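Below is one structure, written out as structure tokens, with a few remarks after it.
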Amino acid sequence: MYAATVGARRYVFADLKTLLAKATPPRSGDALAGLIADSGEERVAAQFALADLPLKTFLSEAVVPYESDEVTRLIFDSHDQAAFAAVSHLTVGGLRDFLLSDHATAPVLTALAPGLTPEMAAAVAKISRLQDLMVMAAKCSVVTRFRDTIGQPGRLSVRLQPNHPTDDARGIAASILDGLLLGAGDAVIGINPATDSPERTHALLSMLDNIRAKLDIPTQTCVLAHVTTTLDLIGQGSPVDLTFQSIAGTQAANKSFGIDLALLTEAHEATLSLKRGTIGDNVMYFETGQGSALSANSHHGVDQQTLEARAYAVARKFRPLLVNSVVGFIGPEYLYDGKQITRAGLEDHFCGKLLGLPMGVDVCYTNHAEADQDDADALLTLLTAAGVTFVMGVPGADDVMLGYQSTSFHDALAMRDLMGRKPAPEFESWLTRQGVMDDTKRIRPRALPPHFKALLPAGQA
Amino acid sequence: MSNDDSTPAAADIWTELRRLTAARIGLERSGASLATAPLLAFQLAHAQARDAVHAELDAPRLASDVALHGLPVLTIESAAADKKTYLMRPDLGRALTAAGEAALASHAGAYDVVFVVSDGLSARAVEVHAAPVITEAMALLRTDALHIAPIVIVRHGRVAIGDAVAALLGAQSAVMLIGERPGLSAPDSMGAYLTFQPNAKTSDADRNCISNIRPAGIGYADAAFKLAHLLKAMRKRGVSGIRLKDDSERLRIGGGPL
């Protein structure tokens, strides 16, 4: 039991998960789950109690039972006591103060990451303002490699997302051409397929690999099919750079996605065995998003931000090249408006980075959320300032397959210009060789580079 | 393609490439940013989608449009009292009010099928598409001599409220016509969800769905054909959802109709 007193009133919180939920800044998904604080005062009382909580509490009290949940077992069994020793004497509030302090440098935070649990990271986020989330995340350094180097300081990478409603190869190639001209694709060229059939996925994988090889692009490609589909295709010799999967923070929610840790382990090992990375072996790509566990009716009475952070424990087991929260995709039942989406995006980025992940964010919204391009601009700018590893690049910000608005090639370019961020170094050199950079190293394509004609339909090359 | 750098012949390339995808490719730039024309084109599409989400259903007009079949038309509300509540509380959008339950109970019987129409996330979609699809489907079902329940219009309804409606009326199958989440290219798309013996335990896996019903997507005649065919198959096999879909896939592979 946890408690805090405000004036004459004593607020009591039955257990750790209740304390975490009540301390969470408001969002519609927690209200829908019936977990939200009953008043603003109760929320801040919970934040006071949470700030005073010793971090060691998280090592003795699980928010989802150890016995029945393999994600909890992963978190407890893989916890690094030696790394934790540096902060083991602190409370949640003390950890926040430490993370903001000048002692918390990039190497210190890298060494600390295995000693922190997702719930500790989530707890700090709940008592932090947006500015804190940005400042703390910006200190973290997470670098991953496959064919290029992702996450170096001063870099902003972009996933080129050339989706098409019927997976038409020529339509996809047209979107890839547009994205490459505008400097996108250094994180990955990744398609969400319209259907999950193995034949379709194989055809798309082959097409992407052909394009990458023909243009000699220092990047990796991915078809975001279900992990079981990709695993089968690896066995059949398809050119798989990265294995993708959506993941969540409870065993039951992962089960609703048709996965468990054993399956992800099998997929990780199979992908590693292909040895397709030229400069590194980070071969997994994960997507997450607050609300997915509640949506699958498997939240165990835990708030959605804490569960989201638990998904990062799943991710980090597999040393991924890329992880991103698809923050506004789930809809207003979980994140109602631009304000809630903005906070969730910065929470997710902070927690992911603190736990040692190459964290990107799909800054996005649906048409039934109270959000628009101004909200997307604001979150994208805050994330770029916070050192986000990568963002999405969708033609004109309008994904015509998934039916939502993400960020565009132009958005990413504007951020690179505004805050002086560069693409991944190998990709930047490639862009220069293709002639799409101007004299001041800005991406300003003029004529169509000769190589790019390979992306035009027959007859136009 | 851009206002500050010339891209020789680029305009021709993009004109051709845009035939291959509805994606917003080759947009004109000003510096790194969108030029004014594509910026406003996007804002217009988003405004239309948002207007579609927030438009309130003209229930009396819809009632008169669907009343052409000699069937009574009942108009009820879900437990979500307004649009904001509807968007934030899916549980309320699936629940009937006491008044709604009473209105349905007074028409309870033993029906083969009930057509339920709900605004969902696009009132305009059902205002425009529901009546013609029902009309065409009725014509295809005429030979089956089905006992069809009163048509029910539900304001602020989610798909699953059709289960409660069918159970109270005593209908064996439910056809829910509902406005889908508007996309930038389609603010008025309607979905049809078919469920056999819907009840409190029905899940989405028990439904068959026809999505993207609109003249530029799946047209009225196609939608009505699929709807009537699925309804007949459901009634014949006594199942709906994944189990029915699996069977129809086999039928298709075997060369038979869906």
Side-chain angles (χ1 to χ4, degrees), chain A residues 28-29 31-32 162-165 168-175 177-179 181-183 331-334 336 366-370 372-373 394-405 408-418 438 442-448 455-457 459-460, chain B residues 1-2 4-10 12-14 16-35 38-39 41-43 45-54 83-84 86-91 93 120-122 180-187 189 203 212:
Chain A
S28 50
L32 182 63
N163 296 343
H164 187 281
D168 180 82
R170 297 189 308 164
I172 287 171
S175 289
L177 174 67
D178 194 27
L181 277 172
L182 295 174
E333 307 93 314
Y334 303 89
Y336 181 68
T366 59
N367 288 320
H368 61 321
E370 282 295 321
D372 60 20
Q373 289 299 94
V394 176
D398 171 12
D399 188 310
V400 293
M401 201 286 280
L402 293 171
Y404 77 125
Q405 284 83 254
S408 69
F409 307 135
H410 301 75
D411 292 333
L413 262 195
M415 289 301 114
R416 282 172 171 168
D417 282 8
L418 189 62
D438 70 7
R442 292 178 310 194
I443 295 165
R444 296 287 188 275
R446 298 169 78 87
L448 193 65
L455 287 164
L456 295 174
Q460 282 195 47
Chain B
M1 176 181 171
S2 95
D4 54 3
D5 318 300
S6 62
T7 310
D12 297 341
I13 290 173
W14 294 115
E16 287 302 309
L17 292 178
R18 278 194 204 98
R19 296 184 211 280
L20 305 173
T21 178
R24 292 167 196 257
I25 54 172
L27 300 179
E28 192 184 351
R29 265 188 307 111
S30 299
S33 303
L34 272 190
L39 171 79
F42 182 102
Q43 297 295 69
H46 184 241
Q48 288 169 335
R50 295 284 295 153
D51 288 349
V53 169
H54 288 278
K83 211 78 182 185
K84 183 174 178 180
Y86 174 77
L87 290 172
M88 292 180 74
R89 292 289 303 272
D91 53 332
L121 289 169
S122 175
E180 298 184 318
R181 190 179 90 195
L184 287 197
S185 55
S189 178
S203 80
N212 198 25

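Residue numbers start from 1 in every chain, and the chains themselves are labelled A, B, ... in the order their sequence lines are given, proteins ahead of strands. All of these numbers come straight from a predicted model, not from anything done at the bench.
The two residues B/F42 and A/A397 have their closest heavy-atom pair at CE1-CB, 4.1 Å. Taking every heavy atom of both residues into account, B/L20 and A/R170 meet most closely at CD2-NH2, 3.3 Å.
Qualifying side-chain hydrogen bond (donor to acceptor under 3.5 Å, both in side chains) partners for B/D91, counting only residues two or more places apart in sequence or in other chains: B/R89. In this structure, the side-chain hydrogen bond (donor to acceptor under 3.5 Å, both in side chains) partners of A/T366, at least two apart in sequence or on a different chain, are A/H368.
Side-chain N or O atoms of B/R181 include none that pairs as donor or acceptor with a backbone N or O of A/G331 at under 3.5 Å.
For A/D399, no part lies under 4.5 angstrom from a heavy atom of chain B. Interface residue A/N367: backbone and side-chain heavy atoms are both found under 4.5 Å from chain B. Heavy-atom distances place the backbone of A/L402, and not its side chain, under 4.5 Å from chain B. Heavy atoms of A/A31 lying under 4.5 Å from chain B are absent altogether.
In terms of heavy-atom pairs under 4.5 Å with chain B, the best-connected choice from A/P162, A/A369, A/A412, A/G183 is A/A369. The residue among A/R442, A/E370, A/R416 with the most heavy atom pairs within less than 4.5 Å of chain B is A/E370. The choice from A/S28, A/S175, A/P165 that makes the most heavy-atom pairs within less than 4.5 Å of chain B is A/S175.
The CG atom of A/L455 sits 9.5 Å away from the CG atom of B/L17 when rounded to the nearest 0.5 Å. Atom CD1 of B/I25 sits about 11.5 Å away from atom CG of A/L182, to the nearest 0.5 Å.
With contacts defined as side-chain heavy-atom distances shorter than 4.5 Å, the pair A/Q405/B/H46 qualifies. Put simply, the side chain of B/L184 does not reach to within 4.5 Å of the side chain of A/V400, judged on heavy atoms. Put simply, the side chain of A/R444 reaches to within 4.5 Å of the side chain of B/R29, judged on heavy atoms. Contact of the B/W14 side chain with the A/D178 side chain is registered, since non-hydrogen atoms from C-beta on lie closer than 4.5 Å. Between B/T21 and A/D168 the shortest side-chain heavy-atom distance does not fall below 4.5 Å. You'll find the side chain of A/L32 reaches within 4.5 Å of the side chain of B/P90, heavy atoms only. Contact check for A/P395 versus B/L27: no side-chain heavy atoms found under the 4.5 Å cut-off.
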